[in-house]
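Following: one structure in structure tokens, then a few remarks.
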Number of protein chains: 2
Amino acid sequence: MNRTTQTKRTTIYDLAELAGTSASAVSAVLNGNWKKRRISAKLADKITKLAEEQGYALNMQASVLRRERSKIIGMIVPKYDNRYFGSIVEQFETLARERGLFPIITCTRRDPALEVEAARAMLSYQVDCLIATGATDPDRIVDLCAAAGVRTINLDLPGARAPSVISDNYGGALELTRRVLANCEKEYGEKTPLLFVGGRGTDHNTMERVRGFRDAHAEAGVTVDETLMLTCGYAPEKAESAMRQLAERLSPLPRGMFVNSTISLEGVMRWIRRSGHYAGRVPQLGCFDWDPFVAMLGDHIEMVRQDVPKMLEAVFGIIDSGATDLTVVQIPPIVEKIG
Amino acid sequence: MNRTTQTKRTTIYDLAELAGTSASAVSAVLNGNWKKRRISAKLADKITKLAEEQGYALNMQASVLRRERSKIIGMIVPKYDNRYFGSIVEQFETLARERGLFPIITCTRRDPALEVEAARAMLSYQVDCLIATGATDPDRIVDLCAAAGVRTINLDLPGARAPSVISDNYGGALELTRRVLANCEKEYGEKTPLLFVGGRGTDHNTMERVRGFRDAHAEAGVTVDETLMLTCGYAPEKAESAMRQLAERLSPLPRGMFVNSTISLEGVMRWIRRSGHYAGRVPQLGCFDWDPFVAMLGDHIEMVRQDVPKMLEAVFGIIDSGATDLTVVQIPPIVEKIG
DNA sequence: AATTCTTGCTTCATCGATTGAGCAAGCATG
DNA sequence: CATGCTTGCTCAATCGATGAAGCAAGAATT
């Protein structure tokens, strides 16, 4: 019957032949609207059994081609190398599947050209909706999609031309900076400005975090040191070399720092361990992003954990409601007690 | 011309009309084999320009339906919550794209039912090939795919019915165990059996790692303590509770341990910090898997880093060569010096 | 001048699923 | 018995891209 070496896949026409009925009946039965199409329960049963026996699998390409909506939902994401994006993707898949949508995800390695290429590819696959996560140029992507009549939602980084769901970066940074400043004062009895390292000075999140950072300093009556604002990019290597250069021109180094992402923290920590600076007197750290092992590095680190479940609920809330107004939904992150 | 509010997407028929030519010519030009089909360079140019102007995007659904290969390559992966699987996915996407393949990835959260469902979905999307990464039941997936004439390759965990690419788990575990035993002896002057924690006792990798663990003990003249073999699953919670239970029945606790994945290590470390056991005298650790922050936790941790680039090169080597022999390619992992 | 060859296209069937329209048989109603 | 309604299907067009086959016009060969 169902040979394992079959070359051609079973189609509704094959099943129709076997069942002695029409392809149209088979289609109706297998996609569930056989009642609407007045197919008898008896025939429906027969066809269902046959399909199972023959190992029939729907050809989505044919199905999507014919239908109005593809039920495919796309997401582009910068990297898979940290817990934040990892959980975004995992949660996205789960919520998409719950809604009967097929999620396709692609990673663009923070490369603007790849972002556009990836968006184009998704459009070719007829996605109904595209989530642009942490995109360097979200508006470009929105325009591409709009031309094809495809909805877009920005996640993590906001855009001007589509609804966006982001963290409350200002609030998170404000609280994080407060804590690090307090820790510094407690530990060293000093009220000195913190170092800010990591992120791109041009991206919305970094700018908001810088604003929170500044306001927390102002609150505490500490003047921000402009030479300590190192928005050198996210990559570990960039953070590491920024630290190296800082150490060449400055001594002593700041007592505390605000590190903008776990990815940048990776570089900062590497530099701290390799350079031998800070030996014996660890700096007070604040990290905007959470990682379980960072949490174990010591009690001198505070972390902000972005609320991924809430963020994705907000995303799907927008999708489900069909809203298209250009709101920016801000989800408060969780400032984690260490340990 | 190209309205931003267009409802219908531009098709080759629209372009054909605009260019005053046939859809077939447009198709030939846009998919690059216009020379073969003897279309003049002049017409090709005109069509190309028009396509750009109109923001034409190929309908992959239609294209794939017609062609006999889809150029879609699927991967299923258990989780996105660690660097190992993260880099597998990232590398997979890169290598797939280099070959003009469209990668689709789906995460099955170590759930056998989801694995099967995901494989079915991929088949519906006409993947040419499916990579089953860390699948709990790879042979089930291979069978499903074989029935549809789709090739499968197992990654990370081997299967009996398709070529597999895995790490040299035995070798890695042997070397890792050696090092931890040596560290224990150096630190504590003691030659005592290590704890083994994490992983499923039934999966091939865990069994091989246990074998390496045992052989390293034998080599060192240390008898393995069977009550210290805790293959409790990978999840952090499981590792944590396994530790808790162990501490209830055993004192003193082992001086050193072999932790089977960073994910399990997360639970182990959490337990160590919360329980207050080991306070002041940290255990010597070996972790089968790598994480940058684990590397910074201290010099009492040794890690095995699986060689993801080599593993994926091997996977695509098999794909490119079209080999179908049931070989198991073992890639030696890298045992990292700490720091 | 008749023929073959080449160039540069067009025509049309096809991939598999979907769905509006239609049709035949059976039953009920007037 | 004629008419209309219901049930349970089938027919055929369609989605957009592809490529084998074919055709017309001009160039080259005999």
Side-chain angles (χ1 to χ4, degrees), chain A residues 6-47 51 54-72 102 123-126 128 148-149, chain B residues 6-47 51 54-72 102 123-126 128 148-149:
Chain A
Q6 69 190 132
T7 312
K8 295 306 270 174
R9 295 146 102 114
T10 311
T11 70
I12 52 170
Y13 297 95
D14 302 329
L15 294 179
E17 184 135 273
L18 286 167
T21 181
S22 72
S24 137
V26 174
S27 169
V29 168
L30 296 179
N31 68 25
N33 57 9
W34 52 280
K35 289 208 167 159
K36 235 173 295 169
R37 294 191 53 105
R38 297 188 308 220
I39 306 292
S40 66
K42 195 177 143 227
L43 181 57
D45 241 50
K46 184 175 175 187
I47 289 174
Q54 299 294 316
Y56 170 80
L58 177 65
N59 182 325
M60 273 296 173
Q61 250 70 34
S63 178
V64 166
L65 177 60
R66 189 67 228 292
R67 280 175 349 214
E68 181 58 24
R69 292 188 51 221
S70 70
K71 300 190 173 186
I72 301 177
F102 186 78
L123 289 178
S124 275
Y125 283 94
Q126 312 297 110
D128 284 336
Chain B
Q6 68 191 132
T7 312
K8 294 306 267 176
R9 294 145 102 113
T10 311
T11 71
I12 52 169
Y13 298 94
D14 303 329
L15 294 180
E17 184 135 274
L18 287 168
T21 179
S22 72
S24 152
V26 174
S27 169
V29 168
L30 297 179
N31 67 26
N33 56 10
W34 53 280
K35 289 209 169 158
K36 237 175 292 169
R37 312 260 324 258
R38 296 187 309 218
I39 306 291
S40 66
K42 194 176 144 226
L43 182 57
D45 240 51
K46 185 175 175 187
I47 290 174
Q54 298 295 315
Y56 170 80
L58 176 65
N59 183 326
M60 274 296 173
Q61 250 59 263
S63 178
V64 167
L65 177 60
R66 189 69 228 295
R67 287 178 337 214
E68 115 289 6
R69 290 190 52 221
S70 69
K71 299 191 172 188
I72 301 177
F102 186 77
L123 289 178
S124 274
Y125 282 94
Q126 311 298 111
D128 284 336

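Order of the sequence lines sets the chain letters (A, B, ...), proteins ahead of strands, with each chain counted from 1.
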* Using a 4.0 Å heavy-atom cut-off across all strands, classify A/T11 as base, sugar-phosphate, or nothing. => sugar-phosphate
* Chi angles and distances behind the side chain to side chain contact (heavy atoms under 4.5 Å, CB included) call for A/D14, A/Q54 -> CA-CA 9 Å; A/D14 302 329; A/Q54 299 294 316; over 6 Å; no
* Atom-to-atom span, NZ of B/K42 to C1' of C/dT7 - whole angstrom -> 14 Å
* Separation of D/dT14 P from B/Y13 OH (nearest whole Å) -> 12 Å
* Given that B/L65 and B/L43 both sit by DNA chain C, which one's nearest nucleotide is further toward the 5' end? -> B/L43
* D/dT10 OP1/OP2 closer than 4.0 Å to side-chain N/O of A/T21 -> yes
* To do: Look at the side chain of B/R37 and the base of C/dG8, then say whether one donor and one acceptor between them are separated by less than 3.5 Å.
  => no
* Asked: Would a line drawn from the ring center of A/Y125 to the ring center of B/F102 be shorter than 6.0 Å?
  -> yes
* Structure fact -> Closest to the 5' end of DNA chain C, once B/R38 and A/R38 are matched to their nearest nucleotides, is B/R38
* **Gap between atoms CD1 and C1', on A/I47 and D/dC9 respectively (whole Å)** => 10 Å
* To do: State whether A/S27 places a side-chain N or O below 4.0 Å from either non-bridging phosphate oxygen (OP1 or OP2) of C/dA17.
  => no
* **Euclidean distance, atom CG of residue B/N31 to atom P of D/dG19 [Å, nearest integer]** => 6 Å
* Under 4.0 Å between a side-chain N/O of B/Y56 and OP1 or OP2 of D/dA17, yes or no? -> yes
* Asked: Rounded to the nearest Å, what distance is computed from the CZ atom of residue A/R69 to the C1' atom of nucleotide D/dC15?
  -> 17 Å
* Asked: Is the shortest side-chain N/O distance from B/S40 to OP1 or OP2 of C/dC9 below 4.0 Å?
  -> yes
* Asked: In whole angstrom, what separates B/M60's CE from C/dG16's C1'?
  -> 18 Å
* Asked: Can you tell me how far CD1 of B/I12 sits from OG1 of B/T21, rounded to the nearest 0.5 angstrom?
  -> 10.5 Å
* Whole-Å distance separating the CD atom of B/E17 from the C1' atom of D/dA17 -> 17 Å
* Asked: Below 4.0 angstrom from OP1 or OP2 of D/dC15, is there any side-chain N or O of B/N59?
  -> no
* Give a yes or no answer on whether the side chain of A/R37 reaches the backbone of A/I39 with a donor-acceptor pair at less than 3.5 Å. => no
* Is a donor-acceptor contact shorter than 3.5 angstrom present between the side chain of A/S22 and the base of D/dC9? -> no
* Assign A/L58 to base, sugar-phosphate, or nothing according to its heavy-atom contacts below 4.0 angstrom with the strands shown. => sugar-phosphate
* Structure fact -> Taken to the nearest 0.5 Å, the spacing of A/S70 OG from A/Q126 CD works out to 7.0 Å
* Structure fact -> Whole-Å distance, A/K35 NZ to D/dG8 P, equals 12 Å
